[in-house]
*Asks:* 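This structure is in structure tokens; I'll ask about it shortly.
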Protein chains: 2
Amino acid sequence: MPDLSTRDMIVQRADTLFYEAGYEATSFADIAAAVGISRGNFYHHFKTKDDILAAVISLRHQRTEAMLAGWEAEADTPTACLLGFVRLLILNRTKIMAHGCPVGTLCSELAKLDHVAQPEAAAIMALFRDWLTGQFRAMGRDDAERLALHLLNWSQGTAVLAATFRDETYLRAEVDRIERWLVALPQTHPI
Amino acid sequence: MPDLSTRDMIVQRADTLFYEAGYEATSFADIAAAVGISRGNFYHHFKTKDDILAAVISLRHQRTEAMLAGWEAEADTPTACLLGFVRLLILNRTKIMAHGCPVGTLCSELAKLDHVAQPEAAAIMALFRDWLTGQFRAMGRDDAERLALHLLNWSQGTAVLAATFRDETYLRAEVDRIERWLVALPQTHPI
DNA sequence: GTCTATAAATAGATAGAC
DNA sequence: GTCTATCTATTTATAGAC
């Protein structure tokens, strides 16, 4: 990642640290050390820790939108789009087993902290929900939102249990089950 | 709660604070204030914050065992036992929407912190998994553990999304779906 | 924009009087 | 067992030189 501004570097490293260690457990000193700048310089770019969190959430929001648009551009069918979503669990399996789902764990932590940015974090989850709803609708399902929430629920549950038991076999088996459910969907009745 | 020892009071209040605000976000001062003792007195009972966490996890472990045994004593059938588990989501809905599942969020936070007590927290989740497995086995299912993990996954996913969107309607609808799945199980083939 | 130096508050933790 | 006083490290945050 060449030629990033210091501000962008801060947001990027903070994003990683907030995911890996959690928001509360990450200090300014941690971020400054990861970026390679002094703590003093830090405050030239961000006044408070909440400001960095807002920037990190904004970055994740943009990245998520881009990722979802990318899947839609690459895949031929709604089912292929949905499989792209599910395979993210496999692609990121090592990080998920160590730190959980980046979206789910941030929403959970900010809910506990009763943080003002909780709704902004939830908006990223809503991005997934709405995109999934669009795919199920494109499959001709009139219960599209319910199916989207079911798939989101299943993914979040899988991430929590994979991180809890640190069990890759479980994660892979669960993804297999989700995939089989997805490809069987067009021919089946509503669950 | 009358006549609790100071030590027990500390563990009890810490349990609440760790659930509501998170382990990392709760300070010694917070716990001492909640109990109504000085910070100095605190260290007479616990040497480190990790020691309190260990005591809290131990308390939760015992409570969970007692709760599971209680459900088994009260319910006539395995299905009734399983419904008792599911209804915990309704019973604790307000706290779950505000702070998530106490077990899932603690396991997730300790995984992120790479904390030595993470396996002890995961053992509480395993307590649920094994108890659920026993109920499905009593129903004559030879895929009992898979069903137990499916139900645990579903519950965790529901807790994460309920806390993310702070949506009681969603939580109740999801519990309804789980209950319908449960009561239909004996007559159906494996999912 | 970046640094060093430093402030002010809070964190976890200890000593010793009562 | 409980308190006050204190210590040390860390946290967020600021001031001012370069």
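By convention in this document, chain letters (A, B, ...) are assigned in the order of the sequence lines, proteins followed by strands, and residues within each chain are numbered from 1.
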*Asks:* With a cut-off of less than 4.0 Å, is there a side-chain N or O of A:N41 near OP1 or OP2 of C:dG1?
*Replies:* no
*Asks:* Taking the nucleotide of DNA chain D with the nearest heavy atom to each, does A:K49 or B:T6 sit closer to the 5' end?
*Replies:*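 Mapping each residue to its closest nucleotide by heavy atoms, the 5'-most match is B:T6.
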*Asks:* Identify whether NZ of Lys or CZ of Arg in A:R146 sits under 6.0 Å from the centre of the six-membered ring of A:F136 and within 45° of that ring's axis.
*Replies:* no
*Asks:* For DNA chain D, which residues in residues 15-39 of chain B have a heavy atom at a distance below 4.0 Å?
*Replies:*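 Hits under 4.0 Å, by residue number: B:I37, B:S38.
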*Asks:* What integer distance in Å separates B:F42:CZ from D:dT4:P?
*Replies:*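 Result: 16 Å.
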*Asks:* Starting from P on C:dG12, measure out to CG on B:L53 and report it in whole angstrom.
*Replies:* 13 Å
*Asks:* Find out whether A:R141 and A:L185 are in side-chain contact, i.e. whether some heavy atom of one side chain is under 4.5 Å from a heavy atom of the other.
*Replies:* yes
*Asks:* Check ring-ring contact (aromatic ring centres under 6.0 Å, His included) between A:Y23 and all other residues, then give those that pass, not counting sequence neighbours.
*Replies:* A:F18, A:H115
*Asks:* Could you tell me the separation between the NE2 atom of A:H44 and the P atom of C:dG1, rounded to a whole number of Å?
*Replies:* 5 Å
*Asks:* Under 4.0 Å between a Lys/Arg side-chain N and an Asp/Glu carboxylate O for B:E174 and B:R177?
*Replies:*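 So B:E174 pairs with B:R177 through a salt bridge.
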*Asks:* Does a side-chain heavy-atom distance below 4.5 Å link A:R60 with A:L106?
*Replies:* yes
*Asks:* Which residues pass the ring-ring contact (aromatic ring centres under 6.0 Å, His included) test with A:F28, sequence neighbours left out?
*Replies:* A:F42, A:Y43
*Asks:* Just the rounded figure in Å: distance from P of C:dT2 to CZ of A:F46.
*Replies:* 12 Å
*Asks:* Could you state the atom-to-atom distance from OH of B:Y43 to P of C:dA13 in whole Å?
*Replies:* 5 Å
